[in-house]
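Residue numbering restarts at 1 for every chain, and letters A, B, ... go by the order of the sequence lines.
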Amino acid sequence: MGAEFVQLSLTPLLIGILAAIACALPGNFLILRRQALIGDAISHVVLPGIVVAFLVTGVISTWPMLFGAAGAAVVAVILIEAIRRVGRIEPGAAMGVVFTSLFAAGVLLLEQSDTSGVHLDVEHALYGNLESLIWFSAEGWGSLTDPAALADLPPELFRMAAAAVLILALTLIFWRPLKLSTFDEGFAGAVGIPTAVLSLGLVITAAVAAVAAFDAVGSIIVIAMFICPPAAARLMTNRLEVQVLWSVAFATLSAILGYVLAGYGPLWLGSDNAVSAAGMIATVSGLILALACLFAPHRARVGAPKGS
Amino acid sequence: MPSLFLDALLLQAGYNAALVALGAALLGMAAGSGGTFLFLRKRALVSDAVAHATLPGVGIAFMVMVAFGGDGRNLPGLLLGSALSASLGLLAVQWIASRTRLAEDAAIGAILSVFFGFGIVLLTIIQTMTSGYQAGLESFLLGSTAGMLFQDAVVIALGGAVAVAFVLLLRRPMTLVAFDAGFATASGIDVRRMDLAMMGLVMAVTVIGLKLVGLILIVAMLIIPPVTARLWTERTDRVLLIAGAVGGFSGYLGAALSASAPNLPTGPIIVLVSFTLFLLSLLFAPGRGVLAALIRHRRFQLRVHRRQGLLALAHGEAIFDPLTLTVLRREQLIRQDAVATEEGRALAAKTLRDEKRWALVRQIYQDEAVSGRYDGLTPIESVLTRDEIAELDRRLGPPAPVS
């Protein structure tokens with residue numbers, strides 16, 4: 001836990017935790033609204049958005065990519081809704097049509113365009129590059145108070161932190177209307193909450209979380225964190241407030257445990273190569289969910305538990 | 001390129017390319033028709049979980065084959081591994097959805113991301129292995145026909161053919177189960193076994209398609225053709241046929257297109273071909289298409305304007321709405337200066353009479369199904385019998401002429 005940890009592991013770990021929390025927060029509401037797969041869809045359509053942004057601007061830079069990805073997410077949501085209404089197709093199938101097609105378009109654009117000079121490929125989009133986000137100029141814990149070293153922190157950390165704070169703030173501000181419209185949309189509408197706007201807002205927030213996290217950690221973590229921690233939390237409690245806290249705890253635990261296992265686990269087993277941190281974080285979140293499915297107090301499908 | 005494309009289309013671009021195109025067509029047919037059952041049971045996205053869950057199996061199969069001294073590139077071996085882990089994923093989805101309070105969509109999302117994540121972990125381990133021929137395992141993500149071995153192409157073509165035969169064999173009971181599970185049970189069909197067969201079919205298609213289109217996009221081959229077919233017809237058997245045709249056509253054309261030029265990856269091209277078919281159907285399909293909906297809306301609008309125009313004539317009110325005027329003029333019910341013609345006056349009187357009859361009907365049968373049919377457009381003759389109308393007219397008195 002010395003200088004090497006601060007330099008190599010501190011920032012990826014922090015980014016992983018922030019990304020996990022930023023995705024888990026909206027994930028709670030998506031799960032309760034039976035829109036869990038929106039996260040899946042969004043993380044697929046981020047690819048074409050980023051490729052188009054790259055083709056338009058010609059460089060890999062943050063803001064165009066974020067806008068491209070967010071734009072693609074909005075286009076996808078509109079397309080899904082349009083197909084569902086115009087063609088009277090059930091939402092799951094409409095989603096399947098849209099996100100696979102947009103992803104295919106993204107892959108094709110990527111193959112067709114000359115991206116040899118830049119770091120943009122499908123594998124990167126899937127696994128991210130969490131391990132490479134190291135803090136070069138850190139020399140130990142003391143660097144946390146050194147302005148020169150702090151200025152050299154990877155920019156992904158600030159972006160991810162900003163996204164996490166934004167999502168936390170949005171969740172707190174819209175807590176009441178969100179909760180109401182999630183559990184009883186009709187009642188929420190009757191007391192004057194614009195449920196359609198709120199629903200779209202939730203999806204866009206999820207898209208923001210997905211895009212910000214995607215940039216740093218790839219889409220596997222995004223999908224896993226949207227669903228696994230909130231789903232496990234759902235099995236722990238019947239109260240939304242408690243569920244959200246559980247989900248944040250599970251997300252943090254997955255990120256820390258996953259990162260540590262990926263980085264150090266192979267060393268313990270005698271191999272000297274680390275495995276994919278993104279994949280490991282997703283795996284750990286899945287193990288947590290599996291444990292919750294087997295042992296959590298509120299896992300049963302029917303009937304309210306005793307005493308509530 | 002056009003000649004190359006034609007060559008590929010006519011199976012002249014080499015033996016391998018021809019086999020791949022045929023395999024893609026068979027796979028597309030099997031996927032389209034197999035996906036139909038899934039789509040009709042409203043479980044289309046289960047295939048997404050199945051597809052992503054194949055990845056750890058591929059990795060483990062590779063490791064096992066290397067451990068036993070092979071080079072790990074044996075396609076049937078890899079496919080067997082992927083089928084095993086896909087069935088594990090499928091079982092997990094069903095277990096979570098039936099045994100816990102989590103909904104099926106959450107189960108699908110959890111399984112697909114976790115299995116995929118674990119698969120990536122295995123891939124990174126494989127990358128650092130010193131033995132075995134690991135290059136090319138990543139082609140299972142997005143598929144690749146470049147450098148495909150002849151025996152791989154044979155496996156795909158054979159697998160596609162078997163899956164198509166399977167669909168043909170089981171289409172009746174599966175259709176029945178997808179359409180009305182209760183009735184199927186009553187007719188003596190084992191619904192659980194049929195569901196299992198359906199999932200087995202989906203899994204077979206996924207596994208066979210892994211090499212060709214990759215595990216991320218194989219879902220599209222299972223979902224897009226049935227959705228496209230659904231836009232064209234309301235009959236299950238036709239959805240099945242059309243979906244198979246759309247899938248087969250997209251597979252064939254996509255494989256041919258991708259063979260005709262470099263940098264055209266097979267999987268995405270197949271998906272985009274079928275998406276194009278879907279978009280065309282969404283625009284032009286009768287009934288559910290956008291164009292048909294627009295035409296229907298326009299016709300309805302014209303009917304409303306005609307009716308309201310005639311009522312205005314009957315009441316002797318002036319008409320200002322340009323569309324109403326156009327409609328009435330076109331049928332020569334009014335002259336250019338908006339004065340009603342002989343024919344127009346007659347029709348206006350008839351419309352007013354109809355409206356009055358309806359008003360009386362809604363008064364008399366206040367809580368009956370008849371009054372619910374009133375929409376201001378349906379002629380009363382299409383709802384009531386002649387005797388009933390005569391009774392209405394007796395109460396209303398003689399019709400008044402329109403001036």
Inset, instruction - Among A:C228, A:S285, A:S43, A:S219, find the residue that satisfies the side-chain contact (heavy atoms from CB on, under 4.5 Å) test when tested with B:S113. - result: A:C228
Legend entry - B:I224 vs A:T100 side-chain heavy atoms within contact, under 4.5 Å: yes
Inset, instruction - Please state whether the side chain, the backbone, both or neither of B:A293 comes within less than 4.5 Å of a heavy atom of chain A. - result: neither
Inset, instruction - Kindly indicate whether the side chain of A:H44, heavy atoms from C-beta on, has any atom under 4.5 Å from the side chain of B:I216. - result: yes
Inset, instruction - Answer yes or no: are there more than 12 heavy-atom neighbours, outside B:F300 itself, under 6.0 Å from its atom CZ? - result: no
Inset, instruction - Hey, could you give me the CZ/CD distance between B:R43 and A:E90, rounded to the nearest 0.5 Å? - result: 11.5 Å
Legend entry - Main-chain N/O of A:A36 paired to B:D105 side chain as donor or acceptor, under 3.5 Å: yes
Inset, instruction - Look only at the side chain of A:R34 and the backbone of B:A103, and say whether a donor-acceptor pair between them is shorter than 3.5 Å. - result: no
Inset, instruction - Flag the pair A:C293 / B:W95 as yes when at least one side-chain heavy-atom distance between them is below 4.5 Å, and no otherwise. - result: yes
Inset, instruction - Could you tell me whether the side chain of A:I89 reaches within less than 4.5 Å of the side chain of B:F39, counting heavy atoms only? - result: yes
Legend entry - Spatial distance of atom CZ (B:R99) from atom CG (A:L294) [nearest 0.5 Å]: 11.5 Å
Inset, instruction - Would you mind checking which part of A:M225 comes under 4.5 Å of any heavy atom in chain B, side chain (CB onward), backbone (N, CA, C, O), both or neither? - result: neither
Legend entry - Sidechain-backbone polar pair: B:T124 side chain, A:S276 backbone, donor-acceptor under 3.5 Å: yes
Inset, instruction - Can you tell which part of B:A97 gets under 4.5 Å to a heavy atom of chain A, answering side chain, backbone, both or neither? - result: backbone
Inset, instruction - Flag the one option from B:S274, B:S281, B:A110, B:G289 with the top tally of heavy-atom pairs under 4.5 Å to chain A. - result: B:A110
Legend entry - Test side chain to side chain contact (heavy atoms under 4.5 Å, CB included) applied to A:F103 and B:V271, step by step: CA-CA 9 Å; A:F103 189 80; B:V271 174; over 6 Å; no
Legend entry - Top contributor to chain A interface from B:L38, B:D48, B:V290 [non-hydrogen pairs under 4.5 Å]: B:D48
Legend entry - Gap separating the CD1 atom of A:I220 from the CD1 atom of B:I120, nearest 0.5 angstrom: 4.5 Å
Legend entry - Contact winner vs chain A - B:G117, B:A106, B:A44, B:S47, heavy-atom pairs under 4.5 Å: B:G117
Legend entry - Structural part of A:I227 lying under 4.5 Å from a heavy atom of chain B: side chain
Legend entry - Heavy-atom pair count under 4.5 Å with chain B, highest-scoring of A:A282, A:A296, A:S101, A:A82: A:S101
Legend entry - Heavy-atom pair of closest approach, residues B:P265 and A:E111: CG-CG, 3.6 Å
Inset, instruction - Under 4.5 Å heavy-atom distance to chain B, tell me which part of A:A231 shows up: side chain, backbone, both or neither. - result: both
Legend entry - Residue, of B:P268, B:P226, B:G267, B:G214, that accumulates the most heavy atom pairs under 4.5 Å with chain A: B:P268
Inset, instruction - Measure the shortest side-chain to side-chain distance between B:L231 and A:R88 over non-hydrogen atoms and say whether it is less than 4.5 angstrom. - result: no
Inset, instruction - Report the option among B:I96, B:L112, B:I269, B:L222 that has the most heavy-atom pairs separated by less than 4.5 Å from atoms of chain A. - result: B:L112
Inset, instruction - Specify which of A:V284, A:L287, A:I31, A:L235 makes the most heavy-atom pairs with chain B at under 4.5 Å. - result: A:L235
Inset, instruction - Indicate the atoms forming the closest heavy-atom contact of B:V121 with A:G279, along with that distance. - result: CG2-C, 3.3 Å
Inset, instruction - Report yes if the side chains of B:V114 and A:L289 come closer than 4.5 Å at any heavy-atom pair, otherwise no. - result: no
Legend entry - Residue B:F118 versus chain A: region with a heavy atom under 4.5 Å: both
Inset, instruction - Output yes when a side-chain donor or acceptor of B:R101 lies under 3.5 Å from a complementary backbone atom of A:R234, and no otherwise. - result: yes
Inset, instruction - Find out whether B:F115 and A:T283 are in side-chain contact, i.e. whether some heavy atom of one side chain is under 4.5 Å from a heavy atom of the other. - result: no
Inset, instruction - Sort B:S98 into side chain, backbone, both or neither according to what part of it lies under 4.5 angstrom from a heavy atom of chain A. - result: backbone
Legend entry - Criterion side chain to side chain contact (heavy atoms under 4.5 Å, CB included) on A:R299 and B:L102, from CA distance to verdict: CA-CA 8 Å; A:R299 63 183 183 277; B:L102 294 174; over 6 Å; no
Legend entry - Intermediate values then yes/no, side chain to side chain contact (heavy atoms under 4.5 Å, CB included), B:L45 and A:F99: CA-CA 11 Å; B:L45 284 177; A:F99 80 75; 4.2 Å; yes
Inset, instruction - Answer yes or no: are there more than 12 heavy-atom neighbours, outside B:R296 itself, under 6.0 Å from its atom CZ? - result: yes
